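Atoms within each ligand, like the ligands themselves, are counted from 1 in listed order. None of the values given here were measured: they were computed from a predicted structure.
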Amino acid sequence: MADYETITVEQRPEANGAVTLITLNRPKALNALNSKVLEELIDAFAAYEADRGQLCAVLTGSGDKAFAAGADIKEMSEKAAADFYLEDFFSPWTSEIVKKTRKPWIAAVNGFALGGGCELAMMADFIIASENAKFGQPEIKLGVAPGMGGSQRLTRAIGKSKAMEMCLTGRMMDAEEAERSNLVARVVPHESLLDEALKTAAQIASMPPMAAIANKEMVNAAFETSLDQGLVIERRIFQILAASEDKKEGMAAFVEKREGKWKGR
Ligand code: CAA
């Protein structure tokens, strides 16, 4: 496994070793996302995606206080507009991590998820939050605006009114409000966050792997297509899955009242 400076990656024992845990590891800087973190995250997610034995990943933050308190303001303060433009800053993270990761992954938000931290969490397939989690897009206070998808993903997740209020005031949303607003799937006690996220990841990793990818693809299509196009995508993927060995096994296992044994094909 690669040796990283700013993140750690672990193959967990859950689901017979099929769960990857990725931890942002700059606790002193509240896991702020600098270029190194993002470069390493891209690498770690690519390795997760490429490893057929890994079936679900969890991304969390180290320390007790933050998932990630945003893009690294100290690094960004040194950059000129031309640098951001010429490097197409933020683009590789959003496109690389989200588009190239077809397998499921969960964000386990253990504290502040602000700016780029909130945006990174929203790139996950879903968020499980500790009761201490706090979400926000406070970029306006820095004279800027979200740059890693926050204005789009937050608005799609919680609607215009709340997203607009959060972006315009920079106020934080606590875990209870985030669950009520559909930003997170579930809120759990702070101490059991990682256990709960890993348990959920193990549950997903024990599903037929092709069907997991397919389910993810279908749900995501709901955000990117019209209803008619989405329904066609759903039907086609369903029909492809119907030809899989795991479909035959899954249905036989149900009839024979036993657990399915998946081949991932
Ligand atoms: N970038 C760089 N360093 C950060 C950081 C960030 N986003 N957030 C926190 N830190 C650092 C602090 O500078 C501090 O470092 P030092 O000990 O060296 O001074 C350390 O982390 C601890 O932070 P605080 O002392 O500020 O901790 P606190 O408990 O008093 O406050 C906080 C916590 C409210 C989260 C506060 O740190 C904060 O407001 N952070 C910035 C949040 C923010 O504005 N995020 C958006 C960034 S812009 C962005 O993300 C753009 C985009 O869309 C991609």
Check: [X] N/O within less than 3.5 Å of ligand 1 N/O:
X    : result
L142 : no
M76  : no
F112 : no
M172 : no

Using 4.0 Å as the upper bound for N to carboxylate O, is an ion pair formed by [Y] and [X]?
X    : Y    : value
K162 : E165 : no
E75  : K79  : no
E119 : R153 : no

Below a 4.0 angstrom heavy-atom separation, can you tell me which part of A32, side chain or backbone, both or neither, approaches ligand 1?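 Side chain only.
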Where does P138 meet ligand 1, judged by heavy-atom distances below 4.0 Å: at the side chain, the backbone, both, or neither?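 Side chain only.
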4.0 Å protein heavy-atom contact status of [atom], strictly under:
atom                    : result
atom 25 (O) of ligand 1 : no
atom 48 (S) of ligand 1 : yes
atom 21 (O) of ligand 1 : yes
atom 28 (P) of ligand 1 : yes
atom 38 (C) of ligand 1 : no

Looking just at side-chain N and O atoms, do S62 and N25 make a donor-acceptor pair shorter than 3.5 Å?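 Result is yes, a qualifying pair exists.
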Any luck finding a side-chain donor-acceptor pair between E40 and T6 under 3.5 Å?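 T6 and E40 do have a side-chain donor-acceptor pair below 3.5 Å.
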Got the closest protein heavy atom to [atom], with its distance?
atom                    : result
atom 53 (O) of ligand 1 : E139 OE2, 2.6 Å
atom 30 (O) of ligand 1 : K65 NZ, 4.7 Å
atom 42 (C) of ligand 1 : A69 O, 3.3 Å
atom 23 (O) of ligand 1 : L30 CD1, 3.6 Å
atom 4 (C) of ligand 1  : A29 O, 3.8 Å
atom 1 (N) of ligand 1  : I73 N, 2.9 Å
atom 19 (O) of ligand 1 : K74 NZ, 4.2 Å
atom 17 (O) of ligand 1 : K28 O, 4.5 Å

With heavy-atom distances below 4.0 Å as the criterion, list the atoms of ligand 1 near [X].
X    : value
G115 : 46 (C), 50 (O)
F90  : 54 (C)
E119 : 52 (C), 53 (O), 54 (C)
G147 : 52 (C), 53 (O)
L114 : 35 (C), 42 (C)

Using a 6.0 Å cut-off, check whether atom [atom1] of [X] has over 12 heavy atoms from anything other than its own residue.
X    : atom1 : result
R265 : CZ    : no
N16  : CG    : no
R171 : CZ    : yes
F238 : CZ    : no

Does T101 use its side chain to pair, donor to acceptor, with the backbone of V98 at less than 3.5 Å?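 Such a contact is absent between T101 side chain and V98 backbone.
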Are the side chain of N31 and the backbone N or O of R26 linked by a donor-acceptor pair below 3.5 Å?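 Such a contact is found between N31 side chain and R26 backbone.
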Check the pair T200 / Q203 against side-chain hydrogen bond (donor to acceptor under 3.5 Å, both in side chains), numbers first and verdict last. CA-CA 5 Å; T200 307; Q203 216 178 338; 4.8 Å; no
Would you check if K216 and W105 make a side-chain contact, meaning some heavy-atom pair closer than 4.5 Å?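 Answer yes - side chains close enough.
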